[in-house]
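So the structure is just underneath, and the comments pick up after that.
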Amino acid sequence: MARSGPSACWTLLLSLLVLIGCIVVPGSTVKHENFKTCAQSGFCKRNRALADNASAQGASWSSPYELDPATIHFKDGQLSGILIKITSTNVKVRLPLLVSFLESGAARLVVDEEKRMKGDIEVRHDSKANKKRYDETEKWVLVGGLEVSKSATLNAQTETGFTKVLYGPEDKYEAIIRHAPFEVEFQRDGQTHVQLNHQGLFNMEHWRPKVEGKEEAGEDESTWWEETFGGNTDSKPRGPESVGLDITFPGYNHVFGIPEHADSLSLKETRGGDGNHEDPYRLYNADVFEYELDSPMTLYGAIPLMQAHRKGSTVGVFWLNAAETWIDIVKKSASFNPLSMSANSKIDTQTHWFSESGLIDLFIFLGPTPQDISKTYGELTGYTTLPQQFAIAYHQCRWNYVTDEDVKEVDAKFDKYQIPFDVIWLDLEYTDDRKYFTWDPMTFPDPKGMQEQLAESERKLVVLIDPHIKNKKDYFVSQELNSKGLAVLNKDGEVYDGWCWPGSSNWVDCFNPAAHLWWSSLHKFDRFKGSLSNLFIWNDMNEPSVFNGPETTMPKDNLHFDNWEHRDVHNVNGMTLVNATYQAMLERKKGEVRRPFILTRSFYAGSQRMAAMWTGDNQATWDHLAMSLPMVLTNGVAGFPFAGADVGGFFHNPDKDLLTRWYQAGIWYPFFRAHAHIDTRRREPYLISEPHRTIISQAIRLRYQLLPAWYTAFHEASINGTPIVRPQYYAFPDDEQGFAIDDQLYLGETGLLAKPVVTENTITTDIYIADDEKYYDYFDFTVYQGAGKHHTVPAPEDKIPLLIQGGHIVPRRDRPRRSSALMRWDPYTFVVTLDKNGESEGTLYVDDGETFDYERGGYIHRRFQFRNSVLSSEELGTKGSKTAEYVKSMAGVTVERVVIIDPPQEWKDKSTVTIIEDGARAGSTTSLEYYEQTGGKASYAIVKNPNVGIGKTWRIEF
Ligand SMILES: *[C@@H]1O[C@H](CO)[C@@H](O)[C@H](O)[C@H]1NC(C)=O
Ligand SMILES: *[C@@H]1O[C@H](CO)[C@@H](O)[C@H](O)[C@H]1NC(C)=O
């Protein structure tokens with residue numbers, strides 16, 4: 001949930017009347033004046049001016065940074081040296097460079113600033129701010145993958161003025177480092193894929209003393225020492241300290257990633273012109289009220305990972321810096337063929353990255369596939385958390401379910417109308433006077449009774465816990481926060497006070513290790529009274545949102561643990577809260593370890609290890625529905641695939657058609673939750689009149705039916721980082737026509753291709769098919785075939801455009817239940833489609849969906865194949881101490897049906913199949929039924945009750 005009101009309303013927020021007065025009418029949009037444009041951000045403007053200056057000078061521009069050859073050392077896979085810049089005032093700035101060549105094939109380039117003579121830097125530091133460049137982002141972000149390559153070597157074949165390093169698989173990668181001006185080129189197989197400082201925009205604003213009245217030639221000093229925006233003044237005690245670098249992808253026409261923006265999957269150019277943005281993409285986590293679409297404006301989270309893609313190759317970069325960051329993107333016809341302007345002419349994508357403070361810390365990935373980037377990036381920042389099963393089912397939320405009786409009634413109504421759901425959510429208002437870890441005694445007098453009722457059908461409760469703590473003397477959390485000294489401080493070193501939901505508030509500083517211990521203690525069942533083990537946590541407003549702060553967040557000169565300025569850590573701030581909450585959830589009760597579930601609004605690289613995210617406060621409009629797809633896809637490409645958008649739209653009231661289409665789209669979000677603003681009408685699915693109620697129920701049931709496939713896709717994401725829902729380019733990286741498509745998606749490796757309807761009054765839609773396999777309508781088996789073109793498929797309101805590619809085996813569970821946990825012992829149905837060779841393949845991962853036993857082998861992981869008229873199941877996993885126990889618990893779970901779409905003609909005459917299962921049942925038979933279809937629909941065959949064990953090795957012979 002979000003703040004609801006522009007700045008004029010803030011001071012009066014506590015009055016409900018005024019709160020309603022602040023609610024914005026449909027169609028209103030973001031308050032641009034609350035957020036900086038590049039021209040209003042000092043360092044953005046300075047770095048863009050540098051780029052303008054460089055491009056105005058063209059070939060005569062030369063970067064002033066040089067690598068001093070005398071300082072270069074290469075040892076154990078690492079190259080070090082000192083970059084030198086002579087400033088216009090003749091200061092020789094020394095910047096230590098370290099390039100690490102990693103075992104994974106990634107390279108890491110770090111540039112810091114050497115501390116200079118006393119008096120030069122420290123003289124101006126009357127503030128408490130830490131006196132070095134922030135170098136701890138990695139502490140929160142990186143969890144592995146840093147092993148340095150043993151085989152990386154200096155290439156002896158080199159010219160003067162260059163250092164070359166061979167590295168990567170079979171030494172196929174090469175980093176070519178030019179000394180003066182400093183430039184780095186990364187090659188794979190002799191071809192250049194990534195260039196650093198090729199445009200000469202490398203920039204490290206060195207630390208310098210503040211000298212009154214003294215100006216450096218040609219430089220705009222107006223925002224060096226102080227910057228004012230929207231009535232807030234940032235004191236900038238350390239002066240200018242931004243870092244910038246241009247990164248060129250020669251021959252690459254598409255770049256993806258760098259969420260979070262409400263924009264297309266394929267990122268746009270940002271230097272103006274037709275259809276382009278005027279401003280760079282901005283990463284500065286903020287509570288952007290009524291955010292606008294097709295915009296490079298910042299949103300709630302930031303992941304500075306970019307994939308560049310062309311036919312046959314994907315490469316990537318990861319800019320590890322938690323300060324405010326902007327990224328310019330320009331596409332140019334490739335320099336080696338400037339005259340060729342045809343559609344196939346080579347394009348270079350030139351990107352320009354700059355951050356307000358900290359280090360240059362850049363990872364370079366040379367692919368060559370999108371999957372390689374996902375995997376290598378995941379080794380560094382961690383893979384998606386494998387969630388509990390309930391977390392990937394349907395979540396019912398609104399601001400607010402008003403009493404515990406209300407919650408119980410919603411729970412009962414879902415059952416009455418036979419609509420499954422797993423989780424009901426409580427927004428802010430469940431608390432006593434907006435004090436977290438308490439319940440409103442009037443409206444939630446019996447929280448335990450409420451959770452117990454939910455537990456009867458294994459449902460869960462999620463409650464909101466935010467980082468702002470009501471500043472009130474008699475509130476135990478506030479008392480402890482202050483007495484333990486765990487709050488964020490202002491620039492003068494006093495406890496920072498700002499306005500948020502509870503009015504005057506303080507913020508827990510999760511950069512402080514002591515704050516983690518304390519936060520854990522607050523979540524214990526005996527301290528968060530009334531909470532039971534089926535309660536989970538929603539961390540909202542953690543950008544952090546501060547109603548009266550600059551750009552609705554904290555002042556940049558606030559101080560965190562170790563006197564780091566908020567400026568340095570802003571984008572990672574929200575993740576530190578989630579990290580503390582994750583730990584707290586693990587420690588709630590000794591001996592009862594369940595996988596935590598946390599939803600976060602703010603995020604950074606690494607958040608995927610701990611939480612799910614959603615796209616914040618969207619609106620109930622068709623445009624917002626449409627935008628949810630590229631946003632969710634982009635998050636997947638950026639390594640944080642457990643993502644979703646508020647189904648139905650947060651602000652305003654969707655009409656029945658929009659709500660119906662939103663559910664049909666929402667079942668394809670990895671995180672599937674309906675949510676609504678406090679001023680909207682109630683819209684639980686059972687309240688909608690027919691036929692919409694049935695259509696929505698069927699959509700939700702389709703999600704439940706496919707949960708085995710979803711869980712398997714989550715498992716893949718948790719071990720190799722691949723997106724759970726994938727965009728076209730990711731599934732078909734060699735099909736250029738598909739690269740920009742972002743309105744259809746693939747579920748994992750299942751071959752399921754969905755194209756949610758996101759426009760009004762639609763009765764058909766066009767699905768793009770890249771290859772020449774047959775695709776079958778999921779519901780009636782209509783056949784579509786033809787590579788590289790769009791196919792028109794029916795899409796009336798009761799139909800979800802969903803195809804399944806030939807060559808797959810999709811596991812599902814067809815028995816409707818009240819919640820996903822109640823499906824635990826249900827049998828499976830397999831849907832089989834054959835590829836051109838008459839073969840198919842699929843996988844299934846299943847575990848208890850709750851505990852960490854899977855880390856000790858407590859799971860079933862199978863590969864199914866259809867080949868030479870035999871459908872077989874073989875083991876994929878490796879055994880552990882919990883394997884036998886888990887497999888035994890699943891002994892009664894079998895396959896109850898196999899549906900083969902478009903089977904060989906001769907099966908018409910077959911009536912039985914033979915089953916061979918490990919250990920027993922050698923050669924029993926069961927019936928095969930063939931159903932003939934005509935008129936463009938494929939025939940199908942059904943094997944009834946094969947009853948083979950889901951955890952066993954077996955064959956079905958046709
Ligand atoms: C939380 O942060 C700590 C300290 O940076 C780190 O060691 C830990 O792995 C993080 N927790 C998770 C679940 O990523
Ligand atoms: C532009 O470049 C010229 C020549 O290198 C230099 O004198 C001037 O200071 C630069 N201006 C900016 C804003 O970088």
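Read the numbers this way: they start at 1 and go in the same order the structure lists the ligands and their atoms. Values below: every heavy atom of this structure, side chains too, minus hydrogens, waters and symmetry copies.
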Give every pair formed by an N or O atom of ligand 1 and a protein N or O atom closer than 3.5 Å, one pair per line with both atom names and the distance to 0.1 Å, or write none.
from     : atom 1 : to     : atom 2 : distance (Å)
ligand 1 : 2 (O)  : Asn579 : OD1    : 3.3
ligand 1 : 2 (O)  : Asn579 : ND2    : 2.3
ligand 1 : 5 (O)  : Lys139 : O      : 3.0
ligand 1 : 11 (N) : Asn579 : ND2    : 3.1
ligand 1 : 14 (O) : Arg609 : NE     : 2.8
ligand 1 : 14 (O) : Arg609 : NH2    : 3.3

Regarding Ser374 and Tyr730, is there a side-chain donor-to-acceptor distance under 3.5 Å anywhere?
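Note: Ser374 and Tyr730 side chains meet the donor-acceptor criterion.
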Between Gln78 and Ser100, do the side chains contain an N or O donor and an N or O acceptor separated by less than 3.5 Å?
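Result is yes, a qualifying pair exists.
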Between Glu565 and Lys491, does any side-chain N to carboxylate O distance fall below 4.0 Å?
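Salt bridge absent between Glu565 and Lys491.
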Parallel, tilted or perpendicular: which describes the rings of Phe642 and Phe671, with under 30° parallel and over 60° perpendicular?
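The rings of Phe642 and Phe671 stand perpendicular, inter-plane angle above 60°.
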Name the orientation class of the two ring planes belonging to Phe603 and Phe640 (parallel below 30°, tilted from 30 to 60°, perpendicular beyond 60°).
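Answer is perpendicular, since the angle exceeds 60°.
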Pair His395 and Trp538, ring centroids less than 6.0 Å apart:
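Ring-ring flag for His395/Trp538: false, centres at least 6.0 Å apart.
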